[in-house]
Amino acid sequence: MKAYLTRRYMFSASHRLHSKGMSDAENRETYGKCNNPHGHGHNYSLEVTVSGQVQSATGMVCNRMELDDFVGREILQKFDIQNLNLLPQFVDDVPTTENLCIALYDILQRGFTGAHLERVRLEETMMNSFEYAGGAEIRP
Ligand code: NI
């Protein structure tokens, strides 16, 4: 019996959408006000969904404390109250919600062993969210 657990986490970070592969004018045209040189902030809502068998001994798919510990240590401590543009994940990539979602999935996929990772969903604003369940090229 496969079951799913989704857990929600909150963090705040700033970013500026600016691609090194485009001119300043192209960046302004592509990203509009999100290309503002001083950046801007978001309160991100991160949903992590894991799956597995409900273990008979614990009645759980995944030990939530293990998941919370991992996300706290590997994601919240590293991304909360940060300028995303300055993080190692975004030396070459623009910190869009899409790329941030993929980066967070990658961290969980590589490091979290407590259950099978199904997907990551990231809300940037009330109007805007992105989901990722693997499949894009994972950078080395
Ligand atoms: Ni933004």
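Whatever order the structure lists them in is the order used to number ligands and atoms, beginning at 1.
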Open item on the list: Give me each pair satisfying salt bridge (Lys or Arg N to Asp or Glu O under 4.0 Å) with a member in residues 61-73, each pair once, sequence neighbours excluded.
Closed with: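 Those involving residues 61-73 are R7-D68.
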Task: Same cluster (ILVMFWY, side-chain, under 4.5 Å), V71 and L5 - done: yes
- [ ] Over 60° means perpendicular and under 30° means parallel, so classify the ring planes of F11 and Y44, tilted if in between.
- [x]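 Y44 and F11: parallel rings.
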TODO: For the Ni ion (ligand 1), state how many protein N, O or S atoms fall inside a distance shorter than 2.8 Å.
DONE: 3
TODO: Indicate the atoms forming the closest heavy-atom contact of F79 with A13, along with that distance.
DONE: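 Closest approach of F79 to A13, heavy atoms only: O-CB, 3.7 Å.
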Open item on the list: Measuring centre to centre across the rings, with the benzene-like ring taken for any Trp, is H38 within less than 6.0 Å of H40?
Closed with: no
- [ ] Kindly indicate, with the supporting measurements, whether the criterion side chain to side chain contact (heavy atoms under 4.5 Å, CB included) is fulfilled by L122 and S45.
- [x] CA-CA 6 Å; L122 189 63; S45 168; over 6 Å; no
